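Being a predicted model, the structure only gives us computed values, none of them experimental. Naming: A, B, ... by sequence-line order, numbering from 1 per chain.
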Number of protein chains: 2
Amino acid sequence: MNQHPDYLLNKITGPADVKQLTLEEMEQLATEIRQLVVEKDAAIGGHVGPNLGVAEATIAYHYVFNSPVDKIVWDISHQAYGHKMLTGRAQAFLDPDQYQTVTGYTNPQESPHDYYAIGHTGTSVALAIGMAKARDMQGRKENILAFIGDGSMSGGLAFEAFNNAAKLHSNLIIVVNDNQMSIDENQGGLYISLAELRATNGQTPNNPFTAMGLDYKYVADGNDLAAMIAAFEEVKDVDHPVVLHINTLKGKGYQPAIDHQMAFHWHGPFDVATGTSTGAANVEKYADLARQTVAEQIDAGLPVLALNAAIPGAFGLKDFQAKYPGNYDDVGIAEQFSITYATGLAQNGVRPIVFENSTFLQRAYDQLVHDMALNNQPVVLYISNGTITSGSKTHQGGFDIPYLSNIPNVEYLAPTNAEELQAMLKWALQQTDRPVAIRQPGQAVVHGVATQTDYSKIKYAVDAGEKVAILALGGFYELGRAVQTLLTDQLGFKPTLINPLSATTLDEATLTALRTNHTVVVTLEDGEVNGGWGQKVASFYGPTSMRVKNYGAAREFNDSVPMVELKQRYHLTPELIVNDIATLLKD
Amino acid sequence: MNQHPDYLLNKITGPADVKQLTLEEMEQLATEIRQLVVEKDAAIGGHVGPNLGVAEATIAYHYVFNSPVDKIVWDISHQAYGHKMLTGRAQAFLDPDQYQTVTGYTNPQESPHDYYAIGHTGTSVALAIGMAKARDMQGRKENILAFIGDGSMSGGLAFEAFNNAAKLHSNLIIVVNDNQMSIDENQGGLYISLAELRATNGQTPNNPFTAMGLDYKYVADGNDLAAMIAAFEEVKDVDHPVVLHINTLKGKGYQPAIDHQMAFHWHGPFDVATGTSTGAANVEKYADLARQTVAEQIDAGLPVLALNAAIPGAFGLKDFQAKYPGNYDDVGIAEQFSITYATGLAQNGVRPIVFENSTFLQRAYDQLVHDMALNNQPVVLYISNGTITSGSKTHQGGFDIPYLSNIPNVEYLAPTNAEELQAMLKWALQQTDRPVAIRQPGQAVVHGVATQTDYSKIKYAVDAGEKVAILALGGFYELGRAVQTLLTDQLGFKPTLINPLSATTLDEATLTALRTNHTVVVTLEDGEVNGGWGQKVASFYGPTSMRVKNYGAAREFNDSVPMVELKQRYHLTPELIVNDIATLLKD
């Protein structure tokens, strides 16, 4: 039910309605937007600070420009709640029953005012240049805007686009939303200049934008609605690329989000009055155990540097930094740099470990291949979110085995439990023969044993049975165990269950030995089947009579599809798998 | 035999010998280095202009610094011939019989003065920061240098590293070798500032380096040996990061390389006196045919934009640009931008086609996934060098099927001949349903027919036989045909030969139908087997009794390994494949 039938937002069906409002009414809109951002995020979680900071800029945009003919590309699009409210989607924020009718990012399926599904950083300027060039080639005149945060500017793609922007001799407006924050703190020399620009009201000649050949304007208070309207009116229909640098306050209007900008960049459900989390109490996390192992190795004298690219919170690394400041670095949103930097560290005697999310590590694919792997440097990668989820398609986590496991020299280990994760990580940090990646299971922590301490030779851990062998990788080992149990119950014999340890290296001796008393092998992996690990097993057995069935995700993007549906679709339940096996055995 | 027994270089066994020379003797060394660069490249091909431009900087480096304790990272390392000559490898340039004893890039296997195998751009600063941080963590004091060209600076990784450099509060010397050229012309606003810096002897405040928080020094003539020695002496043992911007002449000392800087960036064998190519006369190239198809579509009214990232020469695009200037763009060395830019172009109504090399396209992996494919925009990719070669491991071309074919929404077509390539490209440009990539065969042009005009449904082209089906993808179709012929001769029946058209989409109906009268399927692909196309076929047949054998490259880096050896190792000859099949049929 609509929680605020009295809100002005109820009357806003699109940008045309915004244009009819007085400044005072638009100020009221900004207040309403903020209230709804807080209410919705408090209920179901979401980006808080970014959406609070841009309320005035969003209203001013829709007041001055003519969306969707004029077009804006929101970088990352995690700050587009207000934009959604003003473009016909206010009910998705006013009415809790409709919260799930819109996604957390821009979405062309929802509205003609959205042009892309976006969730990674630094893409907006490049997309906008493409749209502007396409406009020019077709002889049109609409305004094209990119709206990019200062935090996104540390990434290489953003820079490549700023550099190319100067080549466009026509309308392009790049709004740099400077809230003096990345997801965490900003990192790097660029931010010294941005601070100087703010301190001089945009006047210092030490200007990274003019140094890239771009026109430049500064707005000292980007949360001043009248100032933002004036600034947009000034640059509207400009005939060349211009940077509009606006200074805003991340979290504005909600004190807990101002006091705790990192925590409220994205926040799970919280109590509005206090800002305290209402979600589940702290449970054991694999990342905690990983940090513990890293700390033990440092304490034992290993020269480890723990790296991340702007997401220390995802791994609890702020605590680690406090205890081991000399063994920690955050490079900002610069995933490419993180891997090449780690390669240089390893070459010169330090043991780097890069903590990264599956979907963000793919931003450094060439660095993984050409820098780290080609030079066979002992970089350690600790990879989270390599798992099939019900999350946004912009952050899909099932591609890491396909993109990482086919790179030469890399060993991609997949632990099945806490003890194995720690044993693998300890070995990875101590060895210097090659790059090693560790895939954090996407499931809740389980405890068990590590079957070996040296992973330079992969020797499968086998719970021996007969006829059918279940090879269950990493976090899917527990699914494999459930399949083993159910199959024993239903088919009357005990199948073999194997922990294959690695997404890259096959234990060919064990696979060959299975042929003596097995006719069916199933592989279970928590990610895309195509290009992944199971297909290596299928290829290995290809010339033989062994029947092989690969389980995992299909080659597709899934946008917030419930896990129960995905499990049915991909046959990732013990019941469906045992049914398939029964059919295979009859065949 | 040593062609120059009188050269001073014969007495240089390492940097210590350089330090004993007078300025005049070092000038003589520069002349000798230039002569040997030209002689060797004229004989076997190689990078010409880059090596000629840095002779003085290289000598000055080894005169002032203490290699290999002090360390320099050469960006791309295509300019390291002089460095090799001064570090014990002069005979590999003096003696044509020894030309092949060193690679064209830095190589840790050759010398302790080389730290990395490098061939892609923009990695040096990130590697050097890693080495510097590792030095600091271990309490050492050596100098760390990165040597990067202005052309490399348009790439995002270089920027990420410049931004992070300012965080290092210790020794780091970044030499920016400004020769006013990328591989082709420089692209973007950054180069306006570099020109301003050169014009003002480094004095303009519009300085992209100070705007990233870095100290800055300028050398007006980087080909003045005394000036370079003085500049290096000034920054040696500096206690903070500093940019040393040096202005050099690409091709200095060899007039054809100065007059034709693009052609002599890398050049095949040529006549020293005239600079004209001595290689094979012009033969028909697939890229010529691709350009022809693009031109036809533009002439027919399609709003096409042909893009590339700094390598127009590899596709003959300079001629295209001359005829269709409004339909052409070079984004500089900025592969990430090229893909996201193309996504924006496609979204706003233009049909972009990106011409790219397999090994460089991998630099845009996240943009392929998150921008192009996630948004399912009809970007066309025309991909060259997707092939197993005897080239440098730094530019290995066998990874594109693994990294591209597992991305959702992408159709990766693999033409087998000229007519099919043109038909596929025409369809790709006209359709707007999805991103389509075309894999240029790595072999010489063959002519044939296109079996379909609409590739939205993949229907295998089948030359029907029995028992054995040979699925031969793209450029390996001719190998498949040879296998078919030899097998018919040797085993007395005609096997089926199939052109599978696509590295992404299986024609499951045809594959299923094969089961009625075939027991063996072999897949042939010109690239890495792991994660590739053949393993999808193996996985498809996994649950059946069909025997499948996948052929292609192993998961490994190969550094200039002769093709004849690779073909033996991977069983990529008709004889070896027919032998394997005979064994499988008996099994």
Side-chain angles (χ1 to χ4, degrees), chain A residues 116-117 120 123 126-127 129-131 134 137-138 154 156-157 159-161 163-164 166 188-190 192-193 205-206 208 211-213 303 331 334 336-337 340-341 344-345 348-350 362-363 365-366 370-371 374-375 402 406 408 530-531 535 538-539 542-543 547-550 555-557 584, chain B residues 116-117 120 123 126-127 129-131 134 137-138 154 156-157 159-161 163-164 166 188-190 192-193 205-206 208 211-213 303 331 334 336-337 340-341 344-345 348-350 362-363 365-366 370-371 374-375 402 406 408 530-531 535 538-539 542-543 547-550 555-557 584:
Chain A
Y116 305 96
H120 290 190
T123 72
L127 290 168
I129 295 172
M131 295 166 90
M137 286 179 70
Q138 296 167 98
S154 58
L157 172 59
F159 167 78
E160 292 182 4
N163 183 46
N164 268 275
L190 179 68
I192 301 171
S193 309
N206 200 33
M212 284 186 276
V331 302
Q336 299 185 96
F337 174 75
T340 307
Y341 176 45
L345 284 157
N348 209 12
V350 158
Q362 75 192 27
R363 293 164 62 89
Y365 179 76
D366 185 50
H370 173 273
D371 302 329
L374 179 64
N375 288 286
N406 303 309
N530 267 347
Q535 292 196 334
S539 181
R547 309 286 175 114
V548 179
K549 193 158 168 58
N550 300 131
R555 184 169 80 99
E556 61 187 359
F557 292 110
L584 269 179
Chain B
Y116 305 96
H120 290 190
T123 72
L127 290 169
I129 295 173
M131 295 165 90
M137 285 179 71
Q138 295 167 99
S154 58
L157 171 59
F159 167 77
E160 292 181 3
N163 183 47
N164 268 276
L190 179 68
I192 303 172
S193 309
N206 200 34
M212 284 186 276
V331 303
Q336 299 185 97
F337 174 76
T340 307
Y341 177 44
L345 284 157
N348 210 12
V350 158
Q362 76 192 26
R363 292 163 64 89
Y365 178 77
D366 185 51
H370 173 273
D371 302 328
L374 180 65
N375 288 286
N406 303 310
N530 267 348
Q535 292 196 335
S539 180
R547 308 287 175 111
V548 180
K549 192 156 171 60
N550 301 131
R555 184 169 79 99
E556 61 188 358
F557 292 109
L584 271 179

Can you see which heavy atom on [X] is nearest to which on [Y], and at what distance?
{"X": "Thr340(A)", "Y": "Leu127(B)", "result": "O-CD2, 3.4 Å"}
{"X": "Leu374(B)", "Y": "Ala117(A)", "result": "CD2-O, 3.8 Å"}
{"X": "Pro543(B)", "Y": "Leu584(A)", "result": "O-CD2, 3.4 Å"}
{"X": "Asn206(B)", "Y": "Ala211(A)", "result": "OD1-N, 3.3 Å"}

* Asked: Side chain, backbone, both or neither: which part of Gln138(A) has an atom under 4.5 Å from a heavy atom of chain B?
  ->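 Just its side chain gets close to chain B.
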* To do: Check each atom of Leu345(A) against the heavy atoms of chain B and say whether the ones under 4.5 Å are side chain, backbone, both or neither.
  =>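 Both the backbone and the side chain of Leu345(A) come within 4.5 Å of chain B.
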Option in [options] with maximal non-hydrogen atom pairs under 4.5 Å from chain A:
{"options": "Pro303(B), Pro402(B), Ser193(B), Ala166(B)", "result": "Ser193(B)"}
{"options": "His370(B), Met137(B), Met131(B)", "result": "His370(B)"}
{"options": "Pro408(B), Gly344(B), Gly189(B)", "result": "Pro408(B)"}
{"options": "Tyr341(B), Phe557(B), Tyr116(B)", "result": "Phe557(B)"}

* Any side-chain heavy-atom pair of Ile129(A) and Phe337(B) under 4.5 Å ->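 Ile129(A) reaches Phe337(B) side chain to side chain.
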Once rounded to the nearest 0.5 Å, what's the spacing between atom [atom1] of [X] and atom [atom2] of [Y]?
{"X": "Thr123(B)", "Y": "Asn375(A)", "atom1": "OG1", "atom2": "CG", "result": "8.5 Å"}
{"X": "Asn550(A)", "Y": "Gln535(B)", "atom1": "CG", "atom2": "CD", "result": "9.5 Å"}
{"X": "Asp366(B)", "Y": "Gln336(A)", "atom1": "CG", "atom2": "CD", "result": "9.0 Å"}
{"X": "Asn164(A)", "Y": "Leu190(B)", "atom1": "CG", "atom2": "CG", "result": "10.5 Å"}

* Are the side chain of Glu160(B) and the backbone of Val331(A) linked by a donor-acceptor contact shorter than 3.5 Å? ->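 Such a contact is absent between Glu160(B) side chain and Val331(A) backbone.
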* Asked: With respect to chain B, which residue among Ala126(A), Gly349(A), Gly213(A) yields the maximal number of heavy-atom pairs within a distance under 4.5 Å?
  ->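 The answer is Ala126(A).
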